[in-house]
Amino acid sequence: MDFPELHPWDLTPKSAIALQKMLAKRVCLDNRLPREVRHVAGVDVSYRRGGRDFYAAVVVLQMPDLAVVEKVTARGTVTFPYIPGLLSFRELPVVLQAFKKLALTPDVVMVDGQGIAHPRHLGLASHLGLWLDLATVGCAKSRLCGEHGPPGSRRGDRVALRLENETVGAVLTTRNGIKPLYISPGHLLDVDTSVDLVLRCLGRYRLPEPTRLAHHLANEARRHGISAPLQP
DNA sequence: GCGACAG
DNA sequence: ATCTTGTCGC
């Protein structure tokens, strides 16, 4: 159950699903955020179509100005195929390597992917949150599961994302007339707090600054083919 | 069996 | 996610 100790290639989709069901019980949806959120981190992974290398990037921004205070990257190897619902088994290993290089411990982490808006309530954001014991928010660009009404078209508009008769997240419009984002709590916070946090991290783009900047940094790391700690 | 399906 | 050139719009 521990990546560093478990040979990744021994994990089968079936065992991965069993593990998700176990871990999902430990996800906490109560707010455990500090009174004042000082640091918000964004994480993302990049790789080439036929390549075996994965590049993860973590960027830490300070609130409320969103200034970058730390950036790290890490390189890893593909050990699991992409299967909808099992994304964390593919991306978590390299993401964890990147977090090991982080000097700061952010109050919350924004992830490119789902939180509990997942078939077994354990999307990448939730899995990462449990692993790091940090508050995490799932910020996906498209839907994995769940139903929702027509999203509003103005920034700030949101509609509930429901799954099995429960609200597991929100479909949030981050820019006027632009395709909305799928927000769901990963760990240690609730839906409303997740949405509020994303809104407070919004710049002039569709994606909130933390994940947007992490995306760029991961792409840059991939292009350089190296992984080196950086100084802001 | 068929359609859906984060990144 | 990634592959790719131009192109429509604020």
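Per chain, numbering begins at 1; letters A, B, ... match sequence-line order.
- You'll find the side chain of A:I116 stays beyond 4.5 Å of the side chain of A:L163, heavy atoms only.
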statement: Symbol by symbol from the 5' end, with Watson-Crick or G-U pairs under 3.5 Å, [ ] crossing and | another strand, DNA chain C is ..........
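- For A:S46, the side chain to side chain donor-acceptor pair (under 3.5 Å) test picks out A:N219, with sequence neighbours left out.
- A:L188 and A:V27 sit in two unconnected hydrophobic clusters of ILVMFWY residues. Membership requires side-chain heavy atoms under 4.5 Å apart, directly or through other members.
- For A:D190, the side chain to side chain donor-acceptor pair (under 3.5 Å) partners at least two apart in sequence or on another chain are A:N31, A:T193.
- A heavy-atom distance below 4.0 Å to DNA chain B is reached by none of the residues of residues 169-204 of chain A.
- Applying the ring-ring contact (aromatic ring centres under 6.0 Å, His included) test to pairs two or more places apart or on separate chains, none has a residue in residues 90-119 of chain A.
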Kindly list each side-chain donor-acceptor pair under 3.5 angstrom involving residues 105-114 of chain A, sequence neighbours excluded, with atom names and distances?
residue : atom : partner : partner atom : Å
A:D107  : OD2  : A:R38   : N            : 2.7
A:D107  : OD2  : A:H39   : N            : 2.8
A:D112  : OD1  : A:K141  : NZ           : 3.2
A:Q114  : NE2  : A:S142  : O            : 2.9

- line: Readout for nucleotides 4-10 of chain C: B = base within 4.0 Å of protein heavy atom, S = sugar-phosphate only, - = neither; 5' to 3' it is -------
- prompt: How does each nucleotide of nucleotides 1-7 of chain B score, in 5' to 3' order, for protein heavy atoms under 4.0 Å: base (B), sugar-phosphate only (S), or none (-)?
  reply: ---SBBB
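- With a cut-off of 3.5 Å on both pairing distances, the Watson-Crick and G-U wobble pairs of DNA chain B never assemble into a stem of 3 or more.
- Other residues, nucleotides and ligands place more than 12 heavy atoms under 6.0 Å from the CD atom of A:E147.
- Looking at heavy atoms from C-beta onward, A:P151 lies out of side-chain contact with A:K179 at the 4.5 angstrom threshold.
- For A:R120, the salt bridge (Lys or Arg N to Asp or Glu O under 4.0 Å) criterion is met by no residue, not counting sequence neighbours.
- Looking at heavy atoms from C-beta onward, A:S184 lies out of side-chain contact with A:V168 at the 4.5 angstrom threshold.
- Residues meeting the salt bridge (Lys or Arg N to Asp or Glu O under 4.0 Å) test with A:R200, sequence neighbours left out: A:D196.
- Between the side chains of A:T173 and A:R155, no donor-acceptor pair of N or O atoms lies under 3.5 Å.
- Sorted by first and then second residue, the ring-ring contact (aromatic ring centres under 6.0 Å, His included) pairs with a member in residues 161-220 of chain A read A:H148-A:Y182; sequence neighbours excluded.
- Ring centers of A:H224 and A:Y55: at least 6.0 Å apart, outside the cut-off.
- Contact of the A:R222 side chain with the A:D53 side chain is not registered, since no non-hydrogen atoms from C-beta on lie closer than 4.5 Å.
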